[in-house]
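Okay, structure first, notes after.
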Amino acid sequence: MKEIILDCYTSNAGIHDLFPISLAKKHIPQWFKNIPSTLQQTNEFGVKQDISTLKRCDGFTKLYNSGWVMPLWSDMIIETSDDSYRYSNIHAGINAIDDFGGGTIECHSTEQLGNEFENYVHIKILAPWLLREKTGVNFYFSGNTWAIKQHWEDINILPGILNFKDQCNAHINMLIKKNRRVELEHNTPLIYCIPLSEANLEIKNHLATDQEYKHLKQSMYGFSFTGSLKKRLKLKK
């Protein structure tokens, strides 16, 4: 495979222009940029020497030279209680996912999670992007851990393996501790996604018409109470 082309579609002109999906190297955290490459340290014999910092960590630099980032497209406040949640953003309460291309939040019940996360509330932020990729390569989809260190105490963005040939959603699943208030600012680089391939990655953002966006969304039509994706693929075969 020579190249992976990820086509990203939104019908919201503001999101397309201001908060595009882009390569991870464009979202290196500012705190990382501020770290010097070396520090001077004195050893037990009183000899001064230079030591490397995280700035030279091969694992970190390779991470940000791979994959892509999806930034948050509006300010958002999420408050959790013992058994529920509430939220606000600039489009809340006005049919946001259809009229503005993103913003609605959903939740899975604790029973669906096997009652294994009793101290957390599940939250799913519905992304305003629909993604397509022709080869079916798998992507590791996760939270952008290094870039959201201010939220480590409150939220866990849940990882998974996705491909964007069989489905096109990039929704953000997270667990938020109960009885917390989380304030997320627009352009926060919440999501980091890495293709499980060494092929070159190209991102193409598209401003779709409302009709084009609707048709693409309908291609993921869910027709069954359980296992719609697998059943849809079986029907296509």
### Query
Run the side-chain contact (heavy atoms from CB on, under 4.5 Å) check on His151 and Ile157 step by step: do they pass?
CA-CA 10 Å; His151 299 297; Ile157 297 176; over 6 Å; no
### Message
Please tell me whether Leu54 and Ile28 are part of a single hydrophobic cluster in this structure, the criterion being side-chain heavy atoms less than 4.5 Å apart.
### Response
yes
### Task
Report the C-alpha separation of Trp129 and Met70 in whole Å, then their side-chain angles, then the decisive distance to 0.1 Å, and conclude whether the side-chain contact (heavy atoms from CB on, under 4.5 Å) test is met.
CA-CA 9 Å; Trp129 294 96; Met70 180 170 66; 3.8 Å; yes
### Closest contact, heavy atoms only, Pro189 versus His27
CB-ND1, 4.2 Å
### Query
What distance do Leu201 atom CG and Leu23 atom CG have between them, rounded to the nearest 0.5 Å?
5.5 Å
### Query
Of all heavy-atom pairs between Val121 and Tyr85, which one has the smallest distance, and what is that distance?
CG1-CB, 4.3 Å
### Query
Is Ile78 close to Ile155 at the side-chain level, that is, under 4.5 Å between some pair of heavy atoms?
no
### Query
Taking atom CG of Leu207 and atom CG of Asp17, what is their separation to the nearest 0.5 Å?
7.0 Å
### Task
Measure from the side-chain N and O atoms of Thr80 to the backbone N and O of Arg180, and report whether any donor-acceptor pair falls under 3.5 Å.
yes
### Query
Does Thr53 reach the main-chain N or O of Ser37 with its side chain, forming a donor-acceptor pair under 3.5 Å?
yes
### Query
Between the side chain of Ser224 and the main-chain N/O of Gly227, is any donor-acceptor distance below 3.5 Å?
no
### Query
Checking side-chain contact (heavy atoms from CB on, under 4.5 Å) for the pair Asp210/Ser11: CA distance, chi angles, key distance, verdict?
CA-CA 6 Å; Asp210 291 341; Ser11 60; 3.6 Å; yes
### Task
Flag the pair Val182 / Tyr87 as yes when at least one side-chain heavy-atom distance between them is below 4.5 Å, and no otherwise.
no
## Note on the structure
Closest non-hydrogen atoms of Lys26 and Ser22, given as atom of the first, atom of the second and distance, are CD-CB, 4.1 Å
#### Entry: Contact check, side chains of Asn169 and Leu130, non-hydrogen atoms, under 4.5 Å
yes
#### Entry: Test item: Lys134 side-chain N/O and Ile5 main-chain N/O as donor-acceptor pair under 3.5 Å
no
### Message
Between Trp146 and Tyr64, is there a side-chain heavy-atom distance shorter than 4.5 Å?
### Response
yes
### Query
Can any side-chain N or O of Trp73 pair as donor or acceptor with the backbone N or O of Ala127 at less than 3.5 Å?
no
### Message
Any non-hydrogen side-chain atom of Gln30 less than 4.5 Å from a side-chain atom of Asn34?
### Response
yes
### Query
Relative to each other, are the rings of Phe19 and His186 parallel, tilted or perpendicular (30° and 60° limits)?
perpendicular
#### Entry: Side-chain touch Pro71/Asn187, heavy atoms, less than 4.5 angstrom
yes
### Query
Is there a donor-acceptor contact under 3.5 Å linking the side chains of His16 and Asn205?
no
### Query
Once you round to the nearest 0.5 Å, how far does CD1 of Ile123 lie from CE of Met76?
10.0 Å
### Task
Using a cut-off of 6.0 Å, state whether more than 12 heavy atoms not belonging to Glu118 lie near its atom CD.
no
### Task
Spell out, as yes or no, whether a donor-acceptor pair under 3.5 Å connects the side chain of Thr188 to the backbone of Glu185.
yes
### Query
Should the ring pair Tyr120 and Phe117 be called parallel, tilted or perpendicular, given that the plane angle runs from 0 to 90° and is split at 30 and 60?
perpendicular
### Task
Check whether Leu162 and Leu190 end up in the same hydrophobic cluster, where Ile, Leu, Val, Met, Phe, Trp and Tyr are linked by side-chain heavy atoms less than 4.5 Å apart.
yes
### Under 3.5 Å: donor-acceptor pair, side chain of Arg132, backbone of Leu6
no
### Query
What class does the angle between the rings of Phe60 and Trp31 fall in, given that below 30° is parallel, 30 to 60° is tilted and above 60° is perpendicular?
perpendicular
### Query
Donor-acceptor pair, Lys231 side chain versus Thr226 backbone, under 3.5 Å?
yes
### Query
Nearest heavy-atom pair of Lys165 and Thr135: which atoms, and what distance?
CD-C, 4.1 Å
### Query
Rounded to the nearest 0.5 Å, how far apart are CZ of Arg86 and CD1 of Ile77?
10.5 Å
#### Entry: Separation between CD1 of Ile191 and CZ of Phe141, rounded to the nearest 0.5 Å
4.0 Å
### Task
Heavy atoms only: give me the nearest Cys8-Ile21 pair and the separation to one decimal.
SG-CD1, 3.8 Å
### Task
State yes or no: do Ile125 and Leu158 share one hydrophobic cluster built from I, L, V, M, F, W and Y residues joined by side-chain heavy-atom distances below 4.5 Å, directly or via other members?
no
### Query
Any sub-3.5 Å donor-acceptor pair from Glu106's side-chain atoms to His108's backbone N or O?
no
### Message
I'd like to check Phe139 versus Ile4 (side-chain heavy atoms, cut-off strictly below 4.5 Å). Are they in contact?
### Response
yes
### Query
Linking I/L/V/M/F/W/Y whenever any side-chain heavy atoms sit under 4.5 Å apart, do Ile15 and Leu18 land together?
yes
### Partner of Asp58 under salt bridge (charged side-chain N to carboxylate O under 4.0 Å, His left out), chosen from Lys62, Arg56, Lys55
Lys62
### Query
Mind checking whether Asp82 and Asn179 have side chains closer than 4.5 Å, heavy atoms only?
yes
### From Asn119 atom CG to Ile176 atom CD1, the distance as rounded to the nearest 0.5 Å
14.0 Å
### Task
Say whether Leu72 and Leu175 are linked into one hydrophobic cluster, either directly or through other cluster members, by side-chain heavy-atom distances under 4.5 angstrom.
no
### Message
What I want to find out is whether Arg181 reaches Glu79 closely enough, with some N-O distance under 4.0 Å, to be called a salt bridge.
### Response
yes
### Task
For Ser142 and Pro159, work out which heavy atoms get closest and say how close.
CB-CB, 3.9 Å
